[in-house]
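In listed order, ligands and their atoms are each counted from 1. Residues: numbered from 1 along the sequence shown.
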Amino acid sequence: MTTLRLNASIPADIARAAALLRAGELVAMPTETVYGLAANALAPAAVAKIFAAKGRPQDNPLIVHVAEASQALPLVKAFPFTAQRLADAFWPGPLTFILQREGHVPKIVSAGLSTLALRVPAHPAARALLREANVPLAAPSANRSGSPSPTLASHVLNDLNGKIAAVLDAGPCAVGIESTVLDLTSEIPLLLRPGGISAEQLEKVLGQPVAISPAIAHAIENDAPTPSPGMKYKHYAPRAELTLVQGGLQAFIAYAEQEQPDGLLVFDADVSTVNCQLSTVNCLGYGDSPEEQARRLFARLREIDELGWRTALVRCPAKEGLGLGVYNRLLRASAFREVSV
Ligand code: TXA
Ligand code: MG
């Protein structure tokens with residue numbers, strides 16, 4: 001199949017993408033977090049194509065996207081008050097709720113689970129597409145399973161060209177890491193994946209702490225039960241072997257001198273110091289603020305492979321706010337190789 005490259009700023013292209021979705025085809029769509037690989041969530045055969053195109057494990061459930069919060073209600077058994085408050089504050093936006101799935105939503109969407117992941121994306125092109133397609137869209141990130149999520153249409157094509165009907169190009173994604181996944185099926189909200197909305201932001205609106213799944217910052221055993229199946233897979237990983245290094249800049253430089261990796265991924269503010277002191281090692285920056293790091297991380301991970309690095313040391317980001325999401329993605333990209341210096 002030839003993958004069409006459509007332009008999100010052209011209304012006829014949005015209409016074309018919507019028609020493909022209604023016909024049961026796959027379309028990669030821009031969202032404010034990362035590009036998603038969309039299919040009609042109410043058509044099991046279309047949803048099955050997502051798993052095939054991505055090489056996604058059959059037990060990893062998908063997020064369903066709708067244009068308005070009101071369209072989420074019929075898809076779940078109940079929309080609790082907590083969900084309503086958070087939706088008022090953060091939808092449209094990078095926040096996904098786990099709620100009890102209503103019976104008419106095909107099981108394959110949530111990989112057989114009784115629950116369903118739901119979000120209203122903020123990107124105007126995603127919302128225009130949802131309105132025009134007029135069906136809920138199941139959409140995981142539009143990458144090959146296991147590789148870094150796509151924040152550009154070219155990333156989508158590198159992974160899925162020829163396997164999907166179209167990609168709707170809207171340029172780079174503003175947030176850069178995926179949505180926050182919050183389980184609202186029990187009394188205390190449980191953070192399953194840190195993302196575009198921070199735990200601190202959630203707590204401020206709720207006026208109560210959210211529980212943080214231990215799997216966010218730790219490896220989980222292969223046979224342990226997981227609240228969010230996606231967390232057990234190796235994720236976001238470049239081919240290069242990454243090691244996440246905690247500690248100050250001078251200790252980082254000394255460690256790099258000793259280890260002699262092919263390259264270093266550091267904060268932008270570190271680059272000139274590193275280049276002066278370690279002129280033989282390649283060095284890339286991935287931003288200084290958590291927001292900038294989130295926006296640029298996945299593109300940098302892809303670049304590391306393009307440069308052919310086999311080993312790289314990464315300066316550990318701050319773990320607060322959006323930084324917890326950046327840390328979580330880096331921990332998985334490095335297969336939990338983490339050292340303190
Ligand atoms: O920002 C995002 O969330 C992007 C864009 C495209 O919206 N989507 C995305 O989807 O990141 P995906 O499939 O790459 O990640 C979905 C995560 C996985 O970790 C999955 O296991 C979890 O959400 N998930 C989905 N349904 C779930 C459910 N019913 N219970 C628990 N976890 C669920
Ligand atoms: Mg993904």
Contact (N/O only, under 3.5 Å) between Thr96 and ligand 1: no
Atoms of the protein (N/O/S only) found under 2.8 Å from the Mg ion (ligand 2): Ser141 OG
Give the atoms of ligand 1, by number and element, whose distance to some non-hydrogen atom of Ile63 is under 4.0 Å. 3 (O), 8 (N), 9 (C), 10 (O), 16 (C)
Nearest non-hydrogen partners of Leu202 and Phe90, listed with the distance: CD2-CE1, 3.9 Å
Arg56 touching ligand 1 at heavy-atom level, < 4.0 angstrom: yes
Could you see which bit of Thr115 sits under 4.0 Å from ligand 1, with heavy atoms only: side chain, backbone, both or neither? both
Output the list of atoms in ligand 1 that are nearer than 4.0 Å to some heavy atom of Ala117, sorted by atom number. 25 (C), 26 (N), 27 (C)
Checking Arg310 now: which residues fulfil side-chain hydrogen bond (donor to acceptor under 3.5 Å, both in side chains) with it, not counting sequence neighbours? Asp262
Using the side-chain hydrogen bond (donor to acceptor under 3.5 Å, both in side chains) rule, pick out the option among Asn143, Asp159, Asn158, Thr151 that qualifies with Arg302. Asp159
What pair of heavy atoms forms the shortest contact from Ala28 to Val156, and how long is it? CB-CG1, 3.6 Å
Under 4.0 Å, counting heavy atoms only: does Pro94 come that close to any atom of ligand 1? no
State which residues pass ring pair (Phe, Tyr, Trp, His ring centres under 6.0 Å) with Phe97; sequence neighbours excluded, sorted by chain then number. Trp91
Any nitrogen or oxygen of Arg119 lying under 3.5 Å from a nitrogen or oxygen in ligand 1? Just yes or no. yes
Of the listed options Gly36, Ala139, Gly196, closest to atom 8 (N) of ligand 1 (non-hydrogen atoms): Ala139
Using a plain distance cutoff, I'd like to know if Ser110 has any nitrogen or oxygen under 3.5 Å from a nitrogen or oxygen of ligand 1. no
Ignoring hydrogens and geometry, is there a side-chain-to-backbone donor-acceptor pair from Asp13 to Asn7 under 3.5 Å? yes
Near His65, which atoms of ligand 1 are under 4.0 Å from a heavy atom of that residue? 5 (C), 6 (C), 7 (O)
Within the side chain of Gln201, is there an N or O that forms a donor-acceptor pair under 3.5 Å with the backbone of Ser198? yes
If I compare all heavy atoms of Ala125 with all of Pro30, which pair ends up nearest, and what's the gap? CB-CG, 3.8 Å
Could you tell me, atom by atom, which parts of ligand 1 come under 4.0 Å of a heavy atom of Ser141? 8 (N), 9 (C), 10 (O), 12 (P), 14 (O)
Atom pair OH/CE of Tyr35 and Met29 - distance to nearest 0.5 Å: 11.5 Å
Yes or no: does Arg101 have any heavy atom under 4.0 Å from an atom of ligand 1? no
Polar side-chain atom of Asp288 near backbone of Ala269 as donor-acceptor pair, under 3.5 Å: yes
Considering the heavy atoms of Leu113, write down every atom of ligand 1 situated less than 4.0 Å from one of them. 28 (C), 29 (N), 30 (N)
Nearest non-hydrogen contact with atom 18 (C) of ligand 1 belongs to which option: Val181, Val109, Asn60? Asn60
Of all the atoms in ligand 1, which lie at a distance below 4.0 Å from a heavy atom belonging to Ile98? 27 (C), 28 (C), 30 (N), 31 (C), 32 (N), 33 (C)
Atoms of ligand 1 under 4.0 Å from any heavy atom of Thr33, numbered from 1 in the order shown, are 1 (O), 2 (C), 4 (C), 5 (C)
Proximal ligand 1 atoms for Leu62, defined as those under 4.0 Å from one of its heavy atoms: 25 (C), 26 (N)
Return the set of residues passing ring pair (Phe, Tyr, Trp, His ring centres under 6.0 Å) with Tyr327 (not counting sequence neighbours), or none when no residue passes. none
Using side chain to side chain contact (heavy atoms under 4.5 Å, CB included), reason through Val76 and Leu118 one step at a time and then give a plain yes or no. CA-CA 9 Å; Val76 290; Leu118 274 173; 3.5 Å; yes
Donor-acceptor check, side chain of Arg315 to backbone of Gly247, threshold 3.5 angstrom: yes or no? yes
Kindly say whether Ala165 contributes a backbone atom to a donor-acceptor pair with the side chain of Glu25 at under 3.5 angstrom? no
